[in-house]
Amino acid sequence: MTGAILSMDAVSLSFKDKRVLDNLTFSIPRGQTFGFLGPSGAGKTTTIKLLTRQLAKDAGRISLLGRPIERASAADYERIGILSDTSALYDRMSIADNLRFYARLRGVSHGRVPYLLERMGLTDSAKTLIKNCSKGMRQRAALAASLVHQPELLFLDEPTSGLDPAARAEVHKMLGELRDRGTTVFLTTHDMAEAEAVCDRVAILNDGAIVACDDPEELKLRYARNRVVIRTRTRGTFEVAKDAAGADLIDDLMRAGELVSIHSDEPNLEEVFLEVTGREF
Amino acid sequence: MAASLRKLGALLDKDARDLLKNPTMVVAVILPAAMILLYHFVYREPLAVADGDPAVRVLIDGLFLASALCLSVGMVVSMTLIYGIAEEKEKHTLRTLMLANVSAGQVALAKGIVCLATTLVVGALCFALTGVGWGMFPAFIALTALGAVPVILLGLVLGLASRDQMTAGLYGTPILLLCLVPMFAPIAPEAEAVAAYTPLGGVCELLRLLLEGSLTPEAAALPLAVTAAWIAVGAVAFKLLYRRLAQDN
């Protein structure tokens with residue numbers, strides 16, 4: 001795991017008698033956007049809590065910014081940004097005042113606040129009190145607050161939860177920009193389309209255990225179905241195996257002028273998840 | 001160190017501004033002042049007698065000053081500090097701060113300092129309304145500050161222990177009552193018996209000794225020991241609960 005900015009090695013955690021995380025192992029190189037996927041209750045938020053020292057592990061090793069998490073200093077945590085599932089800003093302060101407060105707290109210039117407001121589509125609402133904001137505006141403001149100090153490593157727990165499609169697209173665009181700047185992102189989501197859109201690599205978590213971990217495209221190829229869907233003029237639509245017999249059949253259909261279309265039926269990440277876990281979201 | 005001071009400055013600024021926008025703060029300021037004004041009507045006759053009787057004057061001044069001290073500390077701590085921390089917990093802003101690398105200790109220190117400053121401002125306002133000579137003001141403010149320390153520490157503990165603002169109301173009431181006991185010591189023998197051992201009992205006793213002109217090191221020893229004991233109790237309780245708060249499990 002040399003060179004990893006963040007890694008877990010055989011990490012487990014139990015609450016009383018219930019094992020909630022089981023032997024988690026992964027490592028994330030600098031600059032990668034890593035998706036941690038799974039249904040509600042799979043252990044995604046618990047993993048983030050371990051990685052951000054809100055919880056203590058029972059067993060295994062966690063490395064944060066190249067050193068054991070137990071030895072991570074306050075200065076190390078200044079290099080980290082966290083948007084948790086419960087992140088909240090101050091009700092009686094405006095969005096801009098909240099961001100200025102977090103900028104001061106982090107020791108960075110207020111000059112970055114207008115940029116973040118613009119990137120989050122909040123410029124026109126900058127003076128709106130948080131208590132008067134919609135859920136989506138609050139989520140975008142909280143995300144902006146987690147980015148105010150330009151962290152090297154960013155933990156995002158369901159960052160687009162509650163956002164409308166336009167706001168989600170804006171957040172995805174911002175995540176792309178962060179990746180381009182070399183920021184490492186640890187992202188939890190139960191939205192497979194989001195993971196496919198923004199992640200370089202994903203781990204699929206089920207009942208506290210990682211059941212698959214790879215590049216999304218590799219995962220889709222690994223679990224690709226060995227068949228194509230054929231649509232014909234008179235014989236309807238049916239599946240054909242990707243083998244010699246299937247090739248002969250397609251050849252015959254083409255020669256007979258029967259073939260209308262051939263579609264490769266590749267799984268998306270959600271289907272990969274179903275394949276590896278047997279569960280539905 | 002510089003980072004800690006920077007964070008403390010940001011938190012102090014935020015807490016002070018928030019206090020001015022917080023409706024409970026208005027109540028915390030108005031209630032003690034209103035009570036002191038009300039005393040002028042309740043004690044109309046003793047006040048008239050006090051003008052010609054120095055012994056009654058000492059008694060009445062002691063009653064007014066003890067009330068001003070107890071109401072300022074009790075109201076401000078129970079209504080702003082405990083509720084303030086509970087609100088941060090209920091709305092998850094405390095956890096968000098901690099995730100931004102701010103310690104619970106820094107949050108508590110900022111809230112404690114703002115609470116102390118607010119208590120002194122409310123105390124000064126109440127003092128002005130008592131009608132007691134300004135010569136007593138420095139001692140009154142110093143004793144208010146000293147007495148506020150253990151109550152603020154207990155307030156921090158109760159604030160951290162509160163799950164939400166409703167629980168804060170539940171936890172705040174006993175500390176408010178505990179703070180108000182010395183107010184009744186001059187007029188109720190039952191209260192006098194226990195008042196000396198309450199968090200503000202020590203400083204109220206020092207105030208009384210000062211007004212009577214009998215403040216000696218020997219006389220001050222017990223009240224100071226009581227105050228120090230409450231400070232120790234508050235500090236230990238805060239340290240224990242702060243550690244529990246730092247991690248979810």
Side-chain angles (χ1 to χ4, degrees), chain A residues 13-16 20 45-46 48-58 72-94 97-98 100-108 110 129-131 138 141-143 145-149 151 154-157, chain B residues 1-28 80 83-111 114 163-165 242-249:
Chain A
L13 177 70
S14 298
F15 290 148
K16 295 183 179 168
V20 290
T45 299
T46 304
I48 279 204
K49 285 187 171 182
L50 281 180
L51 292 168
T52 55
R53 232 166 40 178
Q54 297 176 66
L55 288 174
K57 59 186 165 47
D58 293 338
S73 64
D76 289 331
Y77 279 90
E78 291 296 341
R79 296 156 63 191
I80 292 172
I82 304 168
L83 176 74
S84 82
D85 57 339
T86 56
S87 285
L89 301 179
Y90 289 96
D91 274 356
R92 289 184 288 273
M93 287 165 65
S94 70
D97 283 345
N98 267 288
R100 278 192 279 270
F101 165 65
Y102 273 95
R104 188 174 170 195
L105 212 55
R106 294 292 200 172
V108 298
H110 290 179
L129 299 181
I130 290 292
K131 66 181 176 185
R138 288 175 191 223
L143 179 56
S146 72
L147 291 169
V148 78
H149 59 304
L154 185 61
F155 292 95
L156 300 176
D157 194 0
Chain B
M1 187 63 180
S4 293
L5 288 175
R6 183 190 70 230
K7 286 174 186 174
L8 186 62
L11 291 167
L12 284 171
D13 188 30
K14 184 264 297 174
D15 284 338
R17 286 173 193 271
D18 188 56
L19 212 54
L20 298 174
K21 299 176 192 168
N22 191 341
T24 56
M25 181 56 212
V26 180
V27 177
T80 64
Y83 273 94
I85 296 177
E87 184 184 17
E88 294 245 21
K89 286 187 76 177
E90 183 178 344
K91 295 182 176 173
H92 303 296
T93 48
L94 180 62
R95 184 159 294 280
T96 307
L97 276 180
M98 291 173 80
L99 291 177
N101 209 16
V102 176
S103 70
Q106 287 168 329
V107 173
L109 183 60
K111 290 208 179 292
V114 170
R163 287 190 309 276
D164 49 34
Q165 291 178 85
Y242 160 73
R243 290 202 178 281
R244 275 182 57 192
L245 182 82
Q247 288 198 331
D248 276 3
N249 63 349

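Naming: A, B, ... by sequence-line order, numbering from 1 per chain.
- In this structure, chain A has heavy atoms under 4.5 Å from both the backbone and the side chain of B/L97.
- A/T52 contributes atom OG1, which lies 11.0 Å from atom CE of B/M98 (distance to the nearest 0.5 angstrom).
- When each of B/E87, B/K21, B/K14 is checked for heavy-atom pairs under 4.5 Å with chain A, B/K14 comes out on top.
- Put simply, CZ on A/R79 and CG on B/N101 are 12.0 Å apart, with the number rounded to the nearest 0.5 Å.
- Contact record, A/S84 with B/L99: CB-CD1, 3.7 Å, taken as the closest heavy-atom pair.
- Put simply, the side chain of B/R6 gets close to the backbone of A/L105: a donor and an acceptor are under 3.5 Å apart.
- One finds the OG1 atom of B/T96 at 10.0 Å from the CG atom of A/N98 (value rounded to the nearest 0.5 Å).
- Ranked by non-hydrogen atom pairs under 4.5 Å with chain B, the options A/I82, A/L83, A/L89, A/I80 are led by A/I82.
- Contact annotation for A/Y102: only side-chain heavy atoms (C-beta onward) come within less than 4.5 Å of a heavy atom of chain B.
- Taken to the nearest 0.5 Å, the NZ atom of B/K91 stands 8.0 Å off from the NZ atom of A/K131.
- Separation of atoms CZ (A/R92) and CG (B/L20) is listed at 11.0 Å; rounding is to 0.5 Å.
- For the pair B/R17 and A/D97, the salt-bridge criterion is not met [side-chain N within less than 4.0 Å of a carboxylate O].
- Using a 4.5 Å cut-off between heavy atoms, A/R106 contacts chain B through both its backbone and its side chain.
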